[in-house]
Amino acid sequence: LEEFGYKVITAANGMEALELIKKEKIHPELLITDLIMPTMSVKELAKQIKEIFPSIKIIYASGYTENLIVKNGVLEEGIHFIHKPYQISHFIKLVRQVLNASE
């Protein structure tokens with residue numbers, strides 16, 4: 001993403017991401033997160049980050065198929081999702097689409 005002009009801040013897990021945002025006074029426009037991560041569920045991370053930044057956009061990534069994830073209630077339909085592994089061109093296109101989408 002940095003090669004395409006985006007500023008990237010990485011975190012090992014949801015708790016670290018929230019701590020970085022608060023400590024560094026970061027105002028992210030986009031959160032990209034895996035559906036499976038340690039220390040915090042993705043739903044809890046999304047809830048907490050939306051409380052701080054209601055207009056933040058989120059892209060979820062997983063090796064599981066979108067249909068399986070929606071079917072099992074992990075994600076709601078209409079959520080921005082990318083299936084791993086993905087091509088960088090597809091990923092960059094999705095990032096641009098999500099950032100350019102109106103609320």
Side-chain angles (χ1 to χ4, degrees):
L1 288 173
E2 289 175 331
E3 291 178 22
F4 292 88
Y6 296 99
K7 181 177 179 181
V8 177
I9 298 167
T10 60
N13 56 57
M15 292 298 291
E16 185 179 305
L18 290 169
E19 288 172 13
L20 271 171
I21 286 168
K22 292 173 185 174
K23 180 181 172 189
E24 303 293 327
K25 297 184 173 135
I26 297 167
H27 298 278
E29 294 178 54
L30 176 66
L31 169 68
I32 301 168
T33 182
D34 199 289
L35 285 175
I36 309 297
M37 61 180 174
T39 74
M40 174 183 280
S41 76
V42 71
K43 285 185 177 185
E44 184 60 26
L45 173 60
K47 177 181 175 248
Q48 287 192 36
I49 205 159
K50 284 268 189 193
E51 287 173 358
I52 301 167
F53 304 103
S55 64
I56 194 167
K57 297 174 181 180
I58 303 173
I59 295 175
Y60 299 91
S62 179
Y64 296 102
T65 65
E66 185 173 7
N67 288 340
L68 180 64
I69 293 166
V70 170
K71 180 181 171 188
N72 290 321
V74 178
L75 285 181
E76 300 165 12
E77 289 189 57
I79 297 295
H80 301 291
F81 174 81
I82 191 161
H83 184 265
K84 297 188 295 185
Y86 46 81
Q87 294 180 339
I88 191 67
S89 60
H90 183 238
F91 182 59
I92 293 299
K93 182 179 177 182
L94 178 62
V95 167
R96 286 184 187 139
Q97 243 178 348
V98 171
L99 287 172
N100 291 336
S102 59
E103 294 299 316

Counting only N and O atoms by type, is there a donor-acceptor contact under 3.5 Å from the side chain of K50 to the main-chain atoms of I56?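 Yes; at least one donor-acceptor contact below 3.5 Å.
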Is a side-chain N or O of H80 found less than 3.5 angstrom from the main chain of I58, in a donor-acceptor match?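 Looks like no, no N/O pair under 3.5 Å.
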Between the CG atom in L30 and the NZ atom in K57, the distance rounded to the nearest 0.5 Å is 9.0 Å
Linking I/L/V/M/F/W/Y whenever their side-chain heavy atoms sit closer than 4.5 Å, directly or via other members, would V95 and V42 fall into one cluster? no
Does one hydrophobic cluster hold both L35 and L31, with members joined at side-chain heavy-atom distances below 4.5 Å? yes
Restricting to ring pair (Phe, Tyr, Trp, His ring centres under 6.0 Å), what partner residues turn up for F4, sequence neighbours left out? none
Applying ring pair (Phe, Tyr, Trp, His ring centres under 6.0 Å), name anything that partners Y6, two or more places apart in sequence or on another chain. none
Compare all side-chain heavy atoms of [X] with those of [Y] and state whether any distance is below 4.5 angstrom.
X   : Y   : answer
P28 : I9  : no
Y60 : T33 : yes
I59 : F81 : no

Option passing side-chain contact (heavy atoms from CB on, under 4.5 Å) with I32 (candidates L1, T10, V98):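 Only one option passes, and that is L1.
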Is it true that atom CE of M15 has more than 12 heavy atoms of other residues, nucleotides or ligands lying nearer than 6.0 Å?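 It does not: M15 CE has 12 such atoms or fewer within range.
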E3, CD atom: more than 12 neighbouring heavy atoms under 6.0 Å: no
Tell me which pairs pass salt bridge (Lys or Arg N to Asp or Glu O under 4.0 Å) where either residue lies in residues 9-30, with sequence neighbours left out. none
Under the side chain to side chain contact (heavy atoms under 4.5 Å, CB included) test, residues paired with Q48 that sit two or more places apart: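 Side chain to side chain contact (heavy atoms under 4.5 Å, CB included) list for Q48, sorted by chain: L18, M40, E44.
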For residues 14-58, which residue pairs qualify under ring pair (Phe, Tyr, Trp, His ring centres under 6.0 Å), counting only residues two or more places apart or in two chains?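 For residues 14-58: H27-F53.
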Would you name the heavy atoms of V8 and E2 that are closest together and state the gap between them? CG2-CG, 3.6 Å
What are the two closest non-hydrogen atoms of G14 and T39, and how far apart are they?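 Closest pair (atom of G14, atom of T39, distance): N-OG1, 4.2 Å.
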List in chain and number order the residues that pass side chain to side chain donor-acceptor pair (under 3.5 Å) with K84, two or more places apart in sequence or in another chain; answer none if no residue qualifies.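 Once residues adjacent in sequence are excluded, the partners of K84 under the side chain to side chain donor-acceptor pair (under 3.5 Å) criterion are D34.
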